[in-house]
Amino acid sequence: MTNLSRLSIVVALAGVIACGPKKPAEPTAEETNPAVFFRAGVGTVQTPDRKTGAINYQKAYENFVRAAELNGGVHANFNAGWVAEAMGRVDLAAKHYRSAYVADKNYEKSMFSLARVLKENGQAEKAVALYRDFLSSHPNNLDVRNDLVIALSKAKSFDEAQAEAQEILRQDPQNPQVYRSLSSIYFDQNKLGMSQLCNEKALGLNEGD
């Protein structure tokens with residue numbers, strides 16, 4: 001074989017190698033930075049379409065989800081939940097609020113939002129379990145305990161709701177919120193006289209109620 005032939009073979013092989021599969025490009029710093037996607041989500045929510053005034057919630061949701069996937073913290077999941085609610089996707093909202101709460105059991109905002117979504121969608125028993133989980137490490141949070149009373153009432157656990165309300169009043173006898181909750185409990189049981197008395201008590205404690 002001549003030197004020229006050998007050279008032709010080498011050149012041909014080099015061409016084959018050069019045409020082989022390319023190594024995928026490494027992701028850029030921006031593509032792996034959760035803050036970039038979080039800011040993009042916030043910007044989308046804050047910038048409605050100039051012509052229609054509509055907000056592209058789907059785009060905002062995708063950005064917050066991506067931020068959460070990149071370990072962007074509980075706020076990324078919370079915002080994804082908020083946007084999902086705005087889109088009418090209660091199932092997704094509950095999923096993201098729960099993820100935020102599980103990641104940080106002290107994150108009250110996510111707990112309250114998840115509980116609200118559950119109660120509004122006929123899942124009061126799950127809201128009860130959520131409140132009790134939070135109260136296991138925050139037993140003196142009277143706002144949450146009062147919300148537990150309401151959730152128990154919605155779950156038709158009236159005796160437990162009344163017992164919880166009485167326990168709160170032992171700690172804070174002048175709490176108008178509890179009397180409002182008791183009024184609702186009695187109303188739901190068609191005990192209208194007791195419901196009125198509790199409403200009057202709440203009004204006496206807070207004239208602006």
Side-chain angles (χ1 to χ4, degrees), residues 57 61 64 68 74-209:
Y57 286 115
Y61 175 76
F64 287 129
V74 294
H75 298 293
N77 258 313
F78 179 86
N79 281 20
W82 183 88
V83 172
E85 268 199 274
M87 295 164 61
R89 291 296 306 275
V90 178
D91 54 333
L92 292 177
K95 170 189 169 184
H96 291 295
Y97 288 146
R98 187 175 296 281
S99 293
Y101 175 66
V102 169
D104 182 359
K105 292 293 186 76
N106 294 313
Y107 192 15
E108 281 190 38
K109 199 172 181 180
S110 62
M111 186 277 298
F112 277 123
S113 294
L114 175 57
R116 173 179 51 75
V117 167
L118 293 172
K119 286 186 294 184
E120 289 175 355
N121 290 276
Q123 300 181 67
E125 295 87 354
K126 290 184 178 180
V128 167
L130 179 65
Y131 287 131
R132 283 180 167 155
D133 182 69
F134 184 84
L135 287 168
S136 65
S137 53
H138 305 81
N140 297 319
N141 191 317
L142 296 186
D143 288 336
V144 177
R145 293 188 70 177
N146 187 61
D147 275 11
L148 171 59
V149 171
I150 297 170
L152 284 165
S153 180
K154 285 184 175 293
K156 307 300 182 186
S157 298
F158 297 120
D159 290 343
E160 289 181 69
Q162 286 177 243
E164 185 67 34
Q166 293 299 333
E167 183 60 33
I168 297 172
L169 289 175
R170 275 192 279 272
Q171 297 181 47
D172 184 9
Q174 305 301 309
N175 191 317
Q177 290 182 336
V178 179
Y179 284 104
R180 284 205 309 271
S181 299
L182 279 169
S183 177
S184 295
I185 293 168
Y186 288 125
F187 186 85
D188 288 342
Q189 298 176 87
N190 203 34
K191 297 178 180 179
L192 303 185
M194 289 297 294
S195 178
Q196 181 179 342
L197 284 173
C198 289
N199 261 327
E200 289 172 352
K201 179 67 174 179
L203 185 60
L205 292 170
N206 181 6
E207 291 183 3
D209 195 323

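- None of Q177, E164, E167 except one satisfies the side chain to side chain donor-acceptor pair (under 3.5 Å) rule with R145; the exception is E164.
- Screening residues 114-123 for salt bridge (Lys or Arg N to Asp or Glu O under 4.0 Å) gives E85-R116, R116-E120 as the qualifying pairs, with residues at least two apart or on separate chains.
- Scanning both residues, V149 and A165, for their nearest heavy atoms gives CG2-N, 3.8 Å.
- Nearest heavy-atom pair, G81 versus A93, reported as atom, atom and distance to 0.1 Å: O-CB, 3.4 Å.
- For E108 against N141, the heavy-atom pair with the smallest separation is OE2-ND2, 3.4 Å.
- Taking CG from L148 and CG from L142, the interatomic distance works out to 12.0 Å, rounded to the nearest 0.5 Å.
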_I'd like to know whether V144 forms a side chain to side chain contact (heavy atoms under 4.5 Å, CB included) with F112, so could you lay out the CA-CA distance, the side-chain angles of the two residues, the decisive distance to 0.1 Å, and finally the verdict._
CA-CA 8 Å; V144 177; F112 277 123; 3.5 Å; yes
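- No donor-acceptor pair closer than 3.5 Å links the side chain of S195 to the backbone N or O of K191.
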Side chains of residues 121-129: which donor-acceptor partners sit under 3.5 Å, not counting sequence neighbours?
residue, atom, partner, partner atom, Å
N121, ND2, V117, O, 2.7
Q123, OE1, K126, NZ, 3.1

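- Without hydrogens or angle criteria, S113 side chain to K109 main chain gives a donor-acceptor distance under 3.5 Å.
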*Verdict with supporting geometry, Y107 and Y97, side chain to side chain contact (heavy atoms under 4.5 Å, CB included)*: CA-CA 10 Å; Y107 192 15; Y97 288 146; over 6 Å; no
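- Note that OG of S184 and CG of N199 are 7.5 Å apart. Values are rounded to the nearest 0.5 Å.
- The two atoms that bring N146 and V178 nearest to each other are OD1-CA, 3.4 Å, heavy atoms only.
- Pairs passing the ring-ring contact (aromatic ring centres under 6.0 Å, His included) check and including a residue from residues 122-166, sequence neighbours excluded, read F134-H138.
- For residues 173-196, the set of pairs meeting the ring-ring contact (aromatic ring centres under 6.0 Å, His included) definition, not counting sequence neighbours, is empty.
- Shown here are the salt bridge (charged side-chain N to carboxylate O under 4.0 Å, His left out) partners of D91, two or more places apart in sequence or in another chain: R89.
- Residue pairs meeting the salt bridge (Lys or Arg N to Asp or Glu O under 4.0 Å) criterion with at least one member in residues 132-144, sequence neighbours excluded, are K105-D133, R132-E160.
- Contact between C198 and L182 at its shortest, heavy atoms only, is SG-CB, 3.8 Å.
- From N175, atom CG reaches atom CZ of R170 across 14.0 Å, with rounding to the nearest 0.5 Å.
- No side-chain N or O of Q166 forms a donor-acceptor pair with one of Q162 less than 3.5 Å apart.
- Nearest heavy atoms, A94 versus L114: O-CD1, 3.6 Å.
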